[in-house]
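Worksheet: one structure, shown below.
It should be emphasised that the depicted structure is a prediction, and the values quoted were computed from it without experimental measurement. Chain naming here is simple, since letters A, B, ... match the order of the sequence lines and numbering starts at 1 in each. Because only heavy atoms are used, hydrogens play no part in the values below, and waters and symmetry mates are left out as well, while side chains stay in.
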Number of protein chains: 2
Amino acid sequence: MAKDKPTSQADKRRKDREEIQMRIEKFAHELIKEIDRNDNPHIDIPVRGSSNVAFDEKEKKIVLGSKVAKRFLFNVSHARRFMQTMLVASYVKKDLLDNNLTATLRDLYYAKKRTIAGTKEETIDEQKESDLAIVDFEVALDTFRERLHLRAEPKGRMAGTMTIRDFVKEKASVIKLDQLGSGGLAIPSIVEQIEFVDYDLEYVLVAEKNAIFDRLNEDEYWKRNKCLLMTTAGQAARGTRRLLQRLSTELKLPIYCLTDADPYGWYIYSTMKYGSMALAHESERLGSREMKFLGMSISDIEHYNLRNVTIRAKDVDIKRAQEMRNYDWFKAKPWQKEIDKFLDKKIKAEIQALSSKNLQYISSTYLPEKIKNQDFLP
Amino acid sequence: MAKDKPTSQADKRRKDREEIQMRIEKFAHELIKEIDRNDNPHIDIPVRGSSNVAFDEKEKKIVLGSKVAKRFLFNVSHARRFMQTMLVASYVKKDLLDNNLTATLRDLYYAKKRTIAGTKEETIDEQKESDLAIVDFEVALDTFRERLHLRAEPKGRMAGTMTIRDFVKEKASVIKLDQLGSGGLAIPSIVEQIEFVDYDLEYVLVAEKNAIFDRLNEDEYWKRNKCLLMTTAGQAARGTRRLLQRLSTELKLPIYCLTDADPYGWYIYSTMKYGSMALAHESERLGSREMKFLGMSISDIEHYNLRNVTIRAKDVDIKRAQEMRNYDWFKAKPWQKEIDKFLDKKIKAEIQALSSKNLQYISSTYLPEKIKNQDFLP
């Protein structure tokens, strides 16, 4: 089952970097041309916000519509953000890409914050300003921040019968994901450079909780079931979402998601699968549209006789479920039934509720049964 | 510099397990004897709470005093918690230790929650009840929960020129911490079983933030400076605190701590070093009393000319600092000066403020300088 990938991700990443560097230069040259022509320099920025967000039924992802706004330098209400976008562009190109370094959004904020000479005006007052300028720059360049060498907070761990190659700059590490003991590999912020060297896997199982990862790792679930085991440790970080997408699209591995049976669990799932409204411009790079929801489902509560270890839904859960029922990406019949069942019974359950049977019930019975019966929600 | 540790942690852990199993049996036999004598069965439980917490100046740790409470079975206000402590004891012994399995506090809650036959009474209403019973059982046995095979939420990552052996049950993994790419090893919940096989290290550097870990990892700081690099990713998890203690006491490695220059950073530091009031009974197992505070200090703000990237302290920071100024473990003169300086200037700074100089300033200048000059707070 071992498969080799002939292309080197490290080379690919270098080419990516050069390509982005050129894109930024082109972006700058367009502005210089406008200046030379005595035009009002401008940037085209796709509109974000809910007025320009839609669900692409065919591609199964939340996407930005086609509305584009022009931002001008000589416009009192645009000038400040224009300047901030230029600061972002300069930092990304000169400080990061040209040196092959990565940084956080906060590093950028600190590096570019200063009092403008001869004024009391700060280039950036608060980090949320530079964060917005970063997103502007991402969408203007039609790329995503990891390719601009901007790191997000990492979270999540993984283990399984797989060998990967990861690079810190040009230095390679070969990492055997089946030799990492009880901790597993911490999933990094940027995963573009990771190469899938060798693997013997039938699917990826991604759990919402560290506790489930630890349970399944202790039970050697991943070994006995040939799966790559991951945990998001809550809402999935960007690195984890991107890695899941790469596993799905490049290796064609099925991805099964395991969360609590509640609206927050559905939300974690839907964000990994379809993207989110706040980051609609990133769905293409972060969503895993082939992902399946393994559980825990509201039906599981009856089927596995867990009624006495459920939790009464709170008002906020009910409200959330009612909202989600109307989302285009939850319109599939099985999901409408699932949400209706929840709204009817007004109970939720945690995955750990299975521990009321016995500690290893999840690995010996629940998961194998669900997977054998392909008992998933779409 | 490579050092071998002749004793196997795996054997040690098995012996630990047997020792704890025997301690639980002894605990149970004492109760049975009381029952046989028609006495009122009782458990001796050291009092927690602030009335019985003190700072041990000599041992430099926050400890429980000598007050012990007796909890009786035949006492209306004790009976419920007595019963819950027995449920904990039974679960730990029969479900966990006897099977060499680990579980979370939540697993225990679900496993032992049920309606008592013939009543409408639940054994455990809410998890906080079983959590309290677990702490009772820990202190009654004079041990800590990891030795009872109870896992806490893991957090934190590490990398460095060190090889460790970790065990999942009896299965060993040999993990080279210098071959883990950009992610590093996720520090597990329980670290008792970890063996330090081989290392070439001069100190441990533990940073409060993932962003700093990523920066220093990209700069190969740990390689060039022979350090083990760790991040707590916020307040340190129990596993991380225990691992730091083991690195300090078993390998005699100096531990340097790097947080933001603010009361929250000091709190993260003091918890790792001295323990906390809430977990005073655990300080002995979780505190690293030789740890030093490398920075960022309020003096660093002047020394490194960071005044323009500081943040105005909030009222809550000021209040916190005033409280901390009175804690016995902040009474050392350099700390009193540090806190006074903060209260005087009313500013705080993040480690990332150093990025305002340049991205690699922290690894090329700040850290080497601070360490060379041994410019630490105690």
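- At a 4.5 Å heavy-atom cutoff, the contact between Glu350(B) and chain A is made by backbone and side-chain atoms alike.
- Using a 4.5 Å cut-off between heavy atoms, Lys171(B) contacts chain A through its side chain alone, with no backbone atom that close.
- Nearest heavy atom pair, residue Asn217(B) against residue Val168(A), reads O-CG1, 3.8 Å.
- In this structure, chain B has heavy atoms under 4.5 Å from both the backbone and the side chain of Gln179(A).
- A distance of 5.5 Å separates CG in Leu101(B) from CZ in Arg215(A), rounded to the nearest 0.5 Å.
- Of all the listed residues (Glu220(A), Arg114(A), Lys357(A)), the one sharing the greatest number of non-hydrogen pairs under 4.5 Å with chain B is Glu220(A).
- In terms of non-hydrogen atom pairs under 4.5 Å with chain A, the most contact-rich of Asp178(B), Ile190(B), Leu185(B) is Leu185(B).
- Residue Lys176(A) qualifies as open at atom NZ: its count of foreign heavy atoms under 6.0 Å is 12 or below.
- Chain B forms the most heavy-atom pairs under 4.5 Å with one residue out of Ala211(A), Ser173(A), Ser356(A), and that residue is Ser173(A).
- Of the candidates Asn99(B), Leu96(B), Thr104(B), Leu96(B) is the only one forming a side-chain contact (heavy atoms from CB on, under 4.5 Å) with Leu359(A).
- Proximity of Pro154(A) to Arg157(B): side-chain heavy atoms (C-beta onward) are separated by under 4.5 Å at one or more points.
- Atom CZ of Arg307(A) sits in a sparse spot, with 12 or fewer heavy atoms from other residues, nucleotides or ligands closer than 6.0 Å.
- In Lys169(B), the NZ atom is crowded: over 12 heavy atoms of neighbouring residues, nucleotides or ligands sit closer than 6.0 Å.
- Nearest heavy atoms, Val309(A) versus Tyr110(B): O-CE2, 3.5 Å.
- When only modelled atom types and interatomic distance are considered, Asn210(B) and Glu153(A) share a side-chain donor-acceptor pair under 3.5 Å.
- Among Ala111(A), Ser189(A), Gly184(A), Ala103(A), the residue making the largest number of heavy-atom pairs under 4.5 Å with chain B is Gly184(A).
- When heavy atoms are compared at a cutoff of 4.5 Å, Ile311(B) approaches chain A solely by way of its side chain, counted from C-beta outward.
- Side chain of Glu218(B) to main chain of Thr102(A): a donor-acceptor pair is present (N/O by atom type, distance under 3.5 Å, no hydrogens or angles).
- Inter-residue side-chain proximity for Asp166(A) and Leu180(B) is flagged as unmet; no heavy-atom pair is nearer than 4.5 Å.
- One finds the CZ atom of Arg151(A) at 4.5 Å from the CG atom of Asp214(B) (value rounded to the nearest 0.5 Å).
- Atoms OG and CD1, from Ser182(A) and Ile175(B) in turn, are 7.0 Å apart once rounded to the nearest 0.5 Å.
- Under the side chain to side chain contact (heavy atoms under 4.5 Å, CB included) criterion, Ala152(B) pairs with Arg238(B), sequence neighbours left out.
- Neither the backbone nor the side chain of Tyr361(A) has a heavy atom closer than 4.5 Å to any heavy atom of chain B.
- By number of non-hydrogen pairs under 4.5 angstrom with chain A, the leading residue of Pro188(B), Ala353(B), Gly183(B), Ala186(B) is Ala186(B).
- Interface remark: Thr115(A) contributes no atoms to any contact with chain B (heavy atom separation under 4.5 Å).
- Of the possible donor and acceptor atoms, none in the side chain of Asp107(A) sits under 3.5 Å from a partner among the backbone N and O of Ser355(B).
- The line from CD of Gln352(B) to CG of Leu105(A) is 11.0 Å long, rounded to the nearest 0.5 Å.
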